[in-house]
Structures are given as C-alpha cells and as structure tokens.
Amino acid sequence: MNRNGAASETNVKQSFLDRFTGFAVKLGNQVHLRSLRDAFAVIMPLFILAGVAVLVNNVVFPWFLKGEVLVKAQYWGTAITNGTLNISGLLIAPMIAYCLSTNKSFKNPLASASVAIASLIIMMPNTVSLIPVGAKNAVDVSGILTFTNLGTTGMFAGIIIGLIATELFFKISNIKRLEIHLGENVPPAVGKSFSAMIPVILVLSIFGIISLMLSLFDTNLITLVSKMIQEPLRKINTSLLGTIIIYSTGNFLFTLGIHQTVVNGSLLDPLLLANMNENMLAYAHGQAIPHIINSAFVPTFGMIGGTGSTISLIIATLLFGKNKATKDVSKLATAPGLFNINEPVIFGYPIVFNLPMMIPFVLLPAIGIVVAYFATAVGLISKCVVYIPWTTPPILSAYLATAGDWKAAVLQALIIIGGAFFYLPFMKISERVSRMSIEAEKAPESEEGLKKILYKK
C-alpha cells in the first residue's frame, strides 16, 4: 500500500472515531439522560443506607439476638427499608423533575417536583388486591397506597412520570396567558405559586383523564409499565450478554476520555438498581433471591479498584514494571485505588488513548463479570443482596455485598490476581511503545535508525 492509500485509510479510521466520540458526547450531554443520572445520584445515599439496614437486620443482629428480641430489633431495619427501598418510585419522580428543571434552567423546579409526585399518585390504582395477615385469600382494598407500587415495581413508572409530567409542565408554563400575576408586593413564594397554578391544574387534570381511561380497561400505569417496558428492557439489558455489551461500551468510551456513565448511567444503572432493590427486599423477607446481575454485582466483580479493574494493573506494574514513570503513578494511585478511585491511573498511566492498555481495560471487567456470573449460577458463591457504597475496598466489598460469603471474597481475590497477569503482557507492550517513542525523538530520522529502535532488545 502506498503512502496516499495508508493516509486515506488513517483518515477514514480517524473520521469514524471522531464521529463515534461526537455521538457519545452528545448522548452524555442529552439533558434527559443527564437529569436521570443526577436524580439517581441524589437518592443513592438512601439505597446505601437500605443496604446497611438489610445487612444489619439479617446478618449482624442474628449473631447475638434470638427469638422475640431479634424480631423486635429488626423493626429498625424494616422501618429504614420502608423509608428508602419501598418508596423508590415515589422518590425518583420528583428528583427527576427537579434535576430536569435545574438542567433546563426552569424558573420553578420545586413546582415541577410537586407536579411529578402528584402525577405519579394520580396514576396509581385506586383498588389493590392484598392478603390480610393470617388469611389465605386476597381481598380488594381501596383508598390505600402499597409499598409494592411505590417501591421497586413503581420505579420505572416514576421515571416515566418524572420526565413526561415535567416536560408537559414546561410547555404549559411557557404559555404567558396562563400565568397569574399578583404584582410585586407579594412574597416571591406566593407569586411563584399563583403563577404556576393554572399549569399545575392542567397537567394534573390531563393525568387524571389518562388514569380514568386506563381504569376503563381495568389496568393502570404501574401494571402497563411493568409488563410492557420494565420487564422486557430489564431482561435484555441486565442479561449476561446485555450487561457485558453495555458495560464494555462504557469502558471503551472511558479510554477515549469520556466517562463511562455516559452509557452505563442511562442504559444500565437504573435497571441494575431495580434488580438490587428486589434482591434486598427478597433477602430481608427470607425469600429466594431473584437476580444474579445487579448494581452490587457488577462493580464488585467488574470494577475492582475502579473502572477497568485497574487494581490489577497497579499490582502488575509495581511487581513487574520497568518504567519509572508508570511505577511512580501506580504508587500514587494505590491508596485511591483501594477505594475504587482510579482517575490517577486512567489519566496518569495513562489508559486514555493508549492502545495496548485500552484492550485489557475493556476486556478484564467483562471476564470478571462472566466468571462471577457462572460461579453464582452454579452455587459456588452467594448472590449479591446488599447495596454497598462504591468506595468499599476490594475483598471487603465482595464479603459485604453477598451478606458475609467468604467464598465470594476469595473469588474476587482470584479475579484480581488473574487480572494482574492478564494486564502484564499489555503493560510490557505499553512500556516498549513508550521507550520507543522517547528514543525515536533522539534517533536520526532515517529508516535505518528506526529499524534499530524497533528491533532493539
């Protein structure tokens, strides 16, 4: 191939890379997806607290409490679960509305939040089927809200209502003729309230009509979303193949300098969180654990030391590396890496735009997820049932996420060790490329000089 042909091929590759990068950046900056990520970030501490409550209720308390005393003590964890997991749908709707309003610079984000939460309640069924305590048969009860509809089952309904109700509220609020102005002499809060009054009434009335139409067909939004959107989407995205594809794509974007939450935070994290909530609730009630893949499983076995499982790279570099610069970076990155903070490695090693290191950075997490998935599926380790903070150090994270299964901690340690050897050949290639680049700057610009550098032992 001549130089013109090679240059043309390089330009085509670069053009594709530029287009892909541009698309990823646009996706990450899309206001609705960004608002969704922001909303989950706001309520994340509540879910972490719920994970702690489940762990204490079902692992810690049984160590030293028995019988009736244990049951009474577990009321603490049950109450926290009710105030966090069991109202997750009710929490996410106003948070999305508020974040979307803030990101779009809407003048009254609190009004948006109140509209979203009211719209969600309007779309709830008026009659639910419940089994009374001690009874065997279900009875229909009206005038109540159940944790089932407000919690994990209603999370996707909360997301949809949070987005649609807020956008509808924006559009109606922009109609100047619908605003009520009381003048400058009233308190700002009162003025804003009256200004939003007619848009609020119209939005809630529209959702009331939709709820009425659904009731005529003997259904409701929670049921429709669960059957037609949430479950099909979750089965695809949180399957082993779906998780690996989405997560690996996010990791690849990180190697281009684009944070992996651009993809994961929008397409995967909400679904993983729904799986995690169901696992925690099932574990808290002594039921069968439904999901292997969830928001504790993926980081525990696919994000060890941070995205790309770079704790393995740090180990490989410190033990076998010969490049002083990368060893120094690894030393500095060890402490934050133990808490899954790996920006020093990603941008200091670097991983970004470093082709030899990009390969294991993308592949190793997928390998860890696959190994842990099959180990869980065959019963070698327990399923993840506790939502732990993402900064939990390796080994401890696997032990806590599985509610005290030491075999999960051993498996995570084996993944770390195996990952170090997986990173090793790519690390050596990266060091050689770095050395060649430095020598090339000093060598004569001749074909013979380049050959000497290329074949230098």
Side-chain angles (χ1 to χ4, degrees), residues 26-49 83-85 87-124 145 149-151 154-211 221-222 225 259 261-262 265-267 269-270 273-274:
K26 288 181 180 179
L27 180 66
N29 290 327
Q30 206 283 328
V31 66
H32 298 93
L33 297 181
R34 190 169 76 248
S35 300
L36 184 62
R37 293 196 300 269
D38 293 345
F40 273 104
V42 172
I43 62 176
M44 197 63 67
L46 302 180
F47 295 140
I48 292 174
L49 174 61
T84 52
L85 291 182
I87 59 168
S88 54
L90 195 63
L91 290 170
I92 194 63
M95 289 302 102
I96 288 176
Y98 186 87
C99 292
L100 183 57
S101 298
T102 302
N103 289 332
K104 282 197 167 187
S105 300
F106 183 66
K107 57 187 176 182
N108 198 346
L110 287 177
S112 300
S114 65
V115 167
I117 196 170
S119 300
L120 180 62
I121 298 300
I122 287 172
M123 300 304 295
M124 292 284 174
L145 295 172
N149 288 333
L150 295 176
M155 182 177 291
F156 266 76
I159 292 173
I160 292 172
I161 291 294
L163 294 172
I164 295 178
T166 306
E167 283 291 349
L168 185 59
F169 183 54
F170 289 166
K171 293 185 181 301
I172 296 177
S173 296
N174 287 331
I175 302 175
K176 299 298 182 181
R177 289 175 295 177
L178 298 179
E179 293 184 1
I180 299 175
H181 295 284
L182 299 180
E184 302 294 333
N185 296 324
V186 298
V190 176
K192 283 186 177 181
S193 178
F194 273 87
S195 177
M197 181 179 294
I198 294 178
V200 168
I201 292 173
L202 291 177
V203 171
L204 298 186
S205 297
I206 291 171
F207 278 101
I209 294 171
I210 296 173
S211 185
L221 180 68
I222 305 298
V225 170
H259 204 281
T261 54
V262 166
S266 307
L267 302 180
D269 288 351
L273 184 58

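These figures come from a predicted structure and were not determined experimentally.
- Going from atom CG of Asn149 over to atom CE of Met155 covers 13.5 Å, rounded to the nearest 0.5 Å.
- Interatomic distance, Met95 CE to Tyr98 OH, rounded to the nearest 0.5 Å: 8.5 Å.
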Might you work through the side chain to side chain contact (heavy atoms under 4.5 Å, CB included) test for Ile121 and Leu150, ending with a clear yes or no?
CA-CA 9 Å; Ile121 298 300; Leu150 295 176; 4.2 Å; yes

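- Here Arg37 contributes atom CZ and Cys99 contributes atom SG; the two are 11.5 Å apart, rounded to the nearest 0.5 Å.
- Taken to the nearest 0.5 Å, the CD1 atom of Ile175 stands 8.0 Å off from the CG atom of Leu202.
- Atom CG in Leu49 sits 13.0 Å away from atom CD1 in Ile43 (nearest 0.5 Å).
- Phe156 meets the ring-ring contact (aromatic ring centres under 6.0 Å, His included) test with no other residue; sequence neighbours excluded.
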What pairs of donor and acceptor atoms, side-chain ones from residues 106-120 against any protein atom, are under 3.5 angstrom apart with sequence neighbours left out?
unit_1, atom_1, unit_2, atom_2, d
Lys107, NZ, Glu179, OE2, 2.9
Asn108, OD1, Ala111, N, 3.3
Ser112, OG, Ser101, OG, 2.8
Ser114, OG, Ala111, O, 2.7
Ser119, OG, Val115, O, 2.7

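- Looking at Phe40 and Asp269, their side chains never come closer than 4.5 Å, going by heavy atoms from C-beta outward.
- For the side chain to side chain donor-acceptor pair (under 3.5 Å) test, residues two or more places apart in sequence or in another chain that qualify with Asn103 are Ser35, Asp38.
- For the side-chain contact (heavy atoms from CB on, under 4.5 Å) test, residues two or more places apart in sequence or in another chain that qualify with Leu168 are Ile172, Val203, Ile206, Phe207.
- Between atom CD1 of residue Ile92 and atom CG of residue Leu46 there is a gap of 10.5 Å, rounded to the nearest 0.5 Å.
- Closest approach of Gly158 and Ile96 over heavy atoms only: O-CD1, 4.5 Å.
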With a 3.5 Å cut-off and sequence neighbours excluded, list the donor-acceptor pairs that the side chains of residues 159-167 form with protein atoms.
unit_1, atom_1, unit_2, atom_2, d
Thr166, OG1, Gly162, O, 2.5
Glu167, OE1, Lys104, NZ, 3.3
Glu167, OE2, His32, NE2, 2.6
Glu167, OE2, Lys104, NZ, 2.6

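- For Ser88, there are no side chain to side chain donor-acceptor pair (under 3.5 Å) partners, not counting sequence neighbours.
- With contacts defined as side-chain heavy-atom distances shorter than 4.5 Å, the pair Leu100/Phe170 qualifies.
- Summarising the geometry of Leu90 relative to Pro94, their closest heavy-atom pair is O-CD, 3.0 Å, with the distance given to 0.1 Å.
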